[in-house]
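Single-structure report; data block below.
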Amino acid sequence: MDIQIIPIVSEKATAISEKTNRFSFKVSPEANKYQIKDLIEELYDVKVVEIKTMNYNGKKKQRYTRTGIQRGATAAFKKAIVTLAEGQTIDFYSNL
């Protein structure tokens, strides 16, 4: 099974990672905590202490336009909060 991990780089996620050494990732919905831990340790060469996962449902959206009402939905996704061992960090900007 191919698991995708995308780091979440927002103002809130960056502030949390600077204070508490926790990093946020958007992961595949079918991935479990063990698979996420193995993949993060392999990709970023760090020691993972704890992982918390959350499932977000998609939200219904609609807009009123000149041609009528446009209806749609945002995609559902799974989010993982990863706590690293003391003294370790992940630098998302090193590859730029």
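The model shown is predicted, which means the values in this text are computed figures rather than measured ones. Just so it is clear, the values below take in all heavy atoms, side chains as well, and ignore hydrogens, waters and symmetry mates.
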Out of curiosity, E30 CD to Q35 CD, how far, rounded to the nearest 0.5 Å? 8.5 Å
Counting only N and O atoms by type, is there a donor-acceptor contact under 3.5 Å from the side chain of T74 to the main-chain atoms of K59? yes
Do the side chains of I90 and L84 get nearer than 4.5 Å, heavy atoms only? yes
Please indicate whether N55 has more than 12 foreign heavy atoms, meaning atoms of other residues, nucleotides or ligands, lying under 6.0 Å from its CG. yes
For a 4.5 angstrom cut-off between non-hydrogen side-chain atoms, does K79 reach I8? yes
Determine whether V82 and V46 fall in the same hydrophobic cluster, where Ile, Leu, Val, Met, Phe, Trp and Tyr are linked whenever their side-chain heavy atoms lie under 4.5 Å apart. yes
Do S17 side-chain atoms and T14 backbone N/O form a donor-acceptor pair below 3.5 Å? yes
Report, as yes or no, whether the 6.0 Å neighbourhood of atom CD on Q62 holds more than 12 heavy atoms from other residues, nucleotides or ligands. yes
Can you confirm whether the side chains of Y44 and E42 place a donor and an acceptor under 3.5 Å from each other? no
Could you tell me whether the side chain of K26 and the main chain of F77 form a donor-acceptor pair under 3.5 Å? no
Is there a side-chain contact between Y34 and I51, using heavy atoms and a 4.5 Å cut-off? no
Smallest separation among heavy atoms of K78 and T53, with atom names: CE-CB, 3.8 Å
Common cluster, F92/I6, ILVMFWY with side-chain heavy-atom separation under 4.5 Å: no
From K52 NZ over to S24 OG, what is the distance, rounded to the nearest 0.5 angstrom? 11.5 Å
Hydrophobic cluster membership, with links at side-chain heavy-atom distances under 4.5 Å among I/L/V/M/F/W/Y: are V27 and L43 in one? yes
Is there a donor-acceptor contact under 3.5 Å from the side chain of E41 to the main chain of K47? no
Which atoms form the tightest heavy-atom contact between Q88 and N21, and what is the distance? O-OD1, 2.9 Å
What heavy-atom pair brings F25 and P7 nearest, and what distance separates the two atoms? CD2-CA, 3.6 Å
Separation between CD1 of I3 and CG of L39, rounded to the nearest 0.5 Å: 6.0 Å
Using the rule that two of Ile, Leu, Val, Met, Phe, Trp, Tyr join whenever any of their side-chain heavy atoms come within less than 4.5 Å, decide whether V9 and I40 are in one cluster. yes
With a 4.5 Å limit on heavy-atom distance, are the side chains of I36 and D38 in contact? no
First locate atom CZ of R71, then atom NZ of K61, and finally report the distance between them rounded to the nearest 0.5 Å. 15.0 Å
One pair to check against side-chain contact (heavy atoms from CB on, under 4.5 Å): F23 and T89. What are the steps and the verdict? CA-CA 9 Å; F23 296 88; T89 186; 3.6 Å; yes
Report yes or no: does S28 contribute a side-chain atom to a donor-acceptor pair with the main-chain N or O of Q4 at less than 3.5 Å? yes
